Amino acid sequence: MFKKKLHMPLYLIAAILFGIKTYIVYRFIFNISLDNVMQELILFINPFATAFFIFMIGIWFKERRQKKYIKYIMLIGSLIIYFNIVFYRNFSDFITIPLLFQGSNAADLGSSVLGLIKPWDILLFSDVIIIWILAKKYGEKLVNPFKKRYKVVALALSIAFLLGNYALAEIERPQLLQRTFDREYLVKNIGLFSYHIYDAVLHSKSKAQRALADGNQLTDIKNYIDDETTPDEKSDLFGIAKDKNVIFISLESLQSFVINNTVNGEEVTPFLNDLIDDSYYFENFYHQTAQGKTSDSEFIVENSLYPSPRGAVYFTHAQNDFHSLPEILGNNGYNSNVFHANNKSFWNRDVMYENTGYDKFFDVNSYDVNEENSVGWGLKDKEFFSQSMKYLNELPQPFYSKFITLTNHYPFDLEQEDATIEKYDSNSRTLNQYFQTVRYMDEAVEQFFNQLKESGLYEDSIIVLMGDHYGISDFHKKAMSTYLDKEYTDYQHIQLQRVPFYIHIPGEEGKVMSEIAGQVDVKPTLLHLLGMDTSNDLSFGTDLFVDDRKPFVALRDGSFITDDYVYTKDQCYDRETGELIEEETNDETEVEGSACGPYVEQVEKELSYSDEIIFGDLFRFYDFKDK
Ligand code: GP9
Ligand code: MN
């Protein structure tokens, strides 16, 4: 069929097929936003430049090896893309190296992952199948020994392609590799494979950072914190909860959009809606988590630092010196403990909790877990709270107790007998089920409040409730936009990162707080309510009850929210209306002149200060003076 010399060599066929596939994936599976023709061009060039380079290497091998190389690279490359796709479907993000080391978590994720695999995904391997068949049938004809000159020219050409690609990317987004909080930008501009290589470089760099660090960096950071995040005055509520127990409830995957909302005409969260009336309820409170999910939310809340840009601090830096909420409370006579009916090593919690000053972790072994009382990820929330009461009643007071719920976790499975409202009806099974598990969690929390009242603990405690992170990812944007009856824009995406945050102080009336707020603010807020001085702490949050607040809430990818604006993906929106203020460009001067401009750099600076603290383990050089 193929005449000698007149056919296309296998490596080129592979590069073209693989390039086409990668482009289709970038364009239609990864939801990469393209704002201008240049970005479209880069996204088009990149898959082919990368594929050409990778497969060209094959021609430097002898025939048999060449065939093998092309076949296996095709397979491995496709698997890398596919793993990213599966990950992306749940997290709208790309895999990072630290995540791969969290192997222990992968097993627990099992049931969730199945829901992310689709039968038609097999089509994503068509190019692999074609190449393997071609190699088998026409191998000898398609794989040639190439002349030295040919090889050198091909090598030079492919490097030129790649460099051209990077040059265009650098023009499109100056300092691309220095400003890398947003992985989508990296993938968009240099492609998935170069991104993975770059990620590996970052990984080894951050490893080295601890060794190179000394205390000097802290001076700038301390000055920044004194100037920007530390208010001069105390709030009126300072000390209002002195010596009270703190009961912190982490509400799995709960987003604010369900609060005071309905599904099929029924209230989704009747108890949480009523709770607003006698609590401080923050309606513009954003989660700031990244790849570490629940563990990130725990980290942010207790340390008032940002989560890691890659992986989870709970895994990557669990041995650092921290100055965490449980430790500070411990130094002030509190007993700190966590209740969570999951394996103690999940998210490396046992190590992190020990290190951050918890006295006790009531993990899965403290609970009676069986088939009847569990669903999805484990013990059902109602059972979880009920079984926790006997331990809670025995604790020395005052205590700080954190309860981490579980039932409202993706894929939001619930048994029929526990479902008290109807599912939603849309093309997203995930969203349809979400409302039911949210309602279940609402009932579980109500039951817990009653149990606290019965036990007498209620009066002596303040109860803090917080959604840990989003539950519905961008993957369900169509269903979400139908439910919300709004177009799902980048602005809308940021607004959906709001999670409920309540501070319930028995005997206090509370108030709906509309100011912008975030998880980094929780630590100083709680410490102040308990009447503890934080002037020597290093934290990026501000007490939510003072007037003189930091003017923005930063998200991990560099997006931020101010009183007036929402900034994301180089665009500045009016916070109230969602209207685009003006087209941002990469021209620094223009960005600075814009509405959001003044904060762009400050947010980046604040995020990198937080990273410096974590990667350099800088707190080992600082005396917090609270002992
Ligand atoms: C499991 C709980 C949920 O222990 O933390 O994990 P998540 O996926 O939300 O981080
Ligand atoms: Mn979670």
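We use all heavy atoms of the structure for the numbers below, so side chains are in, but hydrogens, waters and symmetry mates are not. Each ligand, and each atom within it, is numbered from 1 in the order the structure gives. Because the structure is a prediction, the values reported are computed rather than measured.
Using a 30° and 60° split on the angle between ring planes, Tyr470 and His287 fall in the tilted class, from 30° to 60°.
Among His469, His409, Lys293, the residue whose heavy atom lies nearest to atom 8 (O) of ligand 1 is His409. For atom 5 (O) of ligand 1, the nearest non-hydrogen atom from the set Arg349, Lys344, Glu252 comes from Arg349.
Within His469, the N, O or S atom lying nearest to the Mn ion (ligand 2) carries the name NE2. The N, O or S atom of Asp468 lying closest to the Mn ion (ligand 2) is OD2.
Using a 4.0 Å cut-off between charged side-chain N and carboxylate O, Arg439 and Glu443 make a salt bridge. Salt-bridge check for Arg310 with Asp611: failed, with every basic side-chain N at 4.0 Å or more from each acidic carboxylate O.
Each of the atoms 1 (C), 2 (C) of ligand 1 lies under 4.0 Å from some heavy atom of Leu406. With ligand atoms numbered from 1 in the order given, ligand 1 contributes 5 (O), 6 (O), 7 (P), 10 (O) to contacts under 4.0 Å with heavy atoms of Trp347. Taking every heavy atom of Phe346 and a limit of under 4.0 angstrom, the matching atoms of ligand 1 come to 1 (C), 4 (O).
Seen from the ring of Tyr400, Lys402 does not count as a face-on cation partner, given the 6.0 Å and 45° thresholds.
Side chains of Glu383 and Tyr367: no donor on one and acceptor on the other come within 3.5 Å. Between the side chains of Thr96 and Gln291, at least one donor N or O sits under 3.5 Å from an acceptor N or O. Side-chain contact, Thr568 with Asp490: no donor N or O sits under 3.5 Å from an acceptor N or O.
Of the heavy atoms in Asn342, only side-chain atoms (C-beta onward) come closer than 4.0 Å to ligand 1. Under 4.0 angstrom from ligand 1, there are no non-hydrogen atoms of Tyr410.
Metal site remark for the Mn ion (ligand 2): Thr294 contributes an N, O or S atom at a distance under 2.8 Å.
Not a single heavy atom of Asp296 sits under 4.0 Å from any atom of ligand 1.
For ligand 1, the polar-atom distance check finds an N/O of His340 within less than 3.5 Å of one of the ligand's N/O atoms.
By the 4.5 Å heavy-atom criterion applied to side chains, Tyr410 and Lys293 are not counted as neighbours.
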